[in-house]
Amino acid sequence: MDDMVKELLERIRDTACEAADAAAGTARVAGKRAGQMVDIAKLNVQLFDLNSELSDILRQLGQVMYNTHLGQPAEGRSVSALLEKADALSERIEDQKGRIADLRGSQTCPVCGSACGKEDQFCRRCGSALA
């Protein structure tokens, strides 16, 4: 009888060890995912700031164009300087979007902007081919 009890206790101990290992693995995965979510949130804040800055540059360009239409002299920064700044911001925005997509394990549709799976060949929303 002692051998049966001993064997049963060993099985219980082995099962408890396996459960503890599984729980530890799950906790590691959850921690990693939480870290990724924090990184994505930070990148989204930076992306918002970049988009706001780009919108301001585009507004300034629009004002310069409208003033030119009215025959008024251009004030402030030149059009070429504003265009260079807009191009640089656009590149940074695309870089941020790429970093976010990498963290999410996804890609963005070039046509509609939807998030698609990394392995998808076509957009789930609009059906466009993904590069």
Side-chain angles (χ1 to χ4, degrees):
M1 187 77 147
D2 288 333
D3 289 338
M4 291 177 70
V5 171
K6 185 177 179 180
E7 184 180 327
L8 178 62
L9 291 174
E10 285 177 9
R11 283 188 200 166
I12 291 171
R13 181 187 51 130
D14 291 344
T15 302
C17 288
E18 289 174 12
D21 290 344
T26 301
R28 279 191 296 278
V29 169
K32 181 179 178 184
R33 184 70 180 141
Q36 287 174 335
M37 296 303 288
V38 168
D39 291 344
I40 289 170
K42 288 178 184 177
L43 289 172
N44 276 324
V45 168
Q46 293 171 2
L47 183 59
F48 179 81
D49 291 342
L50 290 171
N51 278 316
S52 296
E53 194 174 344
L54 179 60
S55 292
D56 184 53
I57 296 295
L58 294 176
R59 183 197 56 75
Q60 291 176 41
L61 276 167
Q63 188 64 53
V64 168
M65 291 299 136
Y66 186 69
N67 289 345
T68 301
H69 167 73
L70 295 176
Q72 298 173 359
E75 295 178 15
R77 292 199 263 182
S78 70
V79 172
S80 60
L82 289 171
L83 289 173
E84 287 176 17
K85 179 89 171 173
D87 288 343
L89 285 169
S90 292
E91 286 181 27
R92 289 177 60 198
I93 287 169
E94 289 307 311
D95 180 55
Q96 288 293 86
K97 287 180 179 180
R99 291 173 64 196
I100 290 169
D102 287 344
L103 284 172
R104 286 187 175 150
S106 65
Q107 59 181 323
T108 303
C109 175
V111 176
C112 70
S114 294
C116 302
K118 203 64 162 170
E119 303 299 320
D120 291 350
Q121 294 183 2
F122 297 94
C123 176
R124 298 174 187 185
R125 184 172 183 202
C126 71
S128 297
L130 302 171

Value rounded to 0.5 Å, distance of NZ in Lys97 from CG in Asn44: 11.0 Å
Which residues satisfy the side-chain hydrogen bond (donor to acceptor under 3.5 Å, both in side chains) test with Arg13, sequence neighbours excluded? none
Measuring from atom CD1 of Ile40 to atom CZ of Arg99, what distance do you get when rounded to the nearest 0.5 angstrom? 11.5 Å
Nearest 0.5 angstrom please: Asp95 CG to Ile100 CD1, how far? 10.0 Å
So, does Asn51 use its side chain to make a donor-acceptor pair with the main chain of Leu47 at under 3.5 Å? yes
Spacing of Glu91 atom CD and Leu50 atom CG [to the nearest 0.5 Å]: 12.0 Å
Above 12 or not: heavy atoms from other molecules or residues under 6.0 Å from CD of Glu10? yes
Let me have the donor-acceptor pairs involving side chains of residues 106-116, under 3.5 Å, with sequence neighbours excluded, atom names and distances please.
{"unit_1": "Gln107", "atom_1": "NE2", "unit_2": "Gly117", "atom_2": "O", "d": "3.1"}
{"unit_1": "Gln107", "atom_1": "NE2", "unit_2": "Lys118", "atom_2": "O", "d": "3.4"}
{"unit_1": "Gln107", "atom_1": "NE2", "unit_2": "Asp120", "atom_2": "O", "d": "2.9"}

Output the distance between atom CG (Leu43) and atom CG (Leu103), rounded to the nearest 0.5 Å. 6.0 Å
Considering only NZ, NE, NH1 and NH2 on the basic side and carboxylate oxygens on the acidic side, decide whether Asp56 and Arg59 come within less than 4.0 Å. yes
Approximate separation, where rounding is to 0.5 Å, of Arg92 CZ and Gln46 CD: 8.5 Å
Is there a side chain to side chain contact (heavy atoms under 4.5 Å, CB included) between Ile57 and Gln60 once you walk through the steps? CA-CA 5 Å; Ile57 296 295; Gln60 291 176 41; 4.3 Å; yes
Quick check on the hydrophobic clustering: are Leu58 and Phe48 connected, directly or via other members, by side-chain heavy-atom contacts under 4.5 Å? no
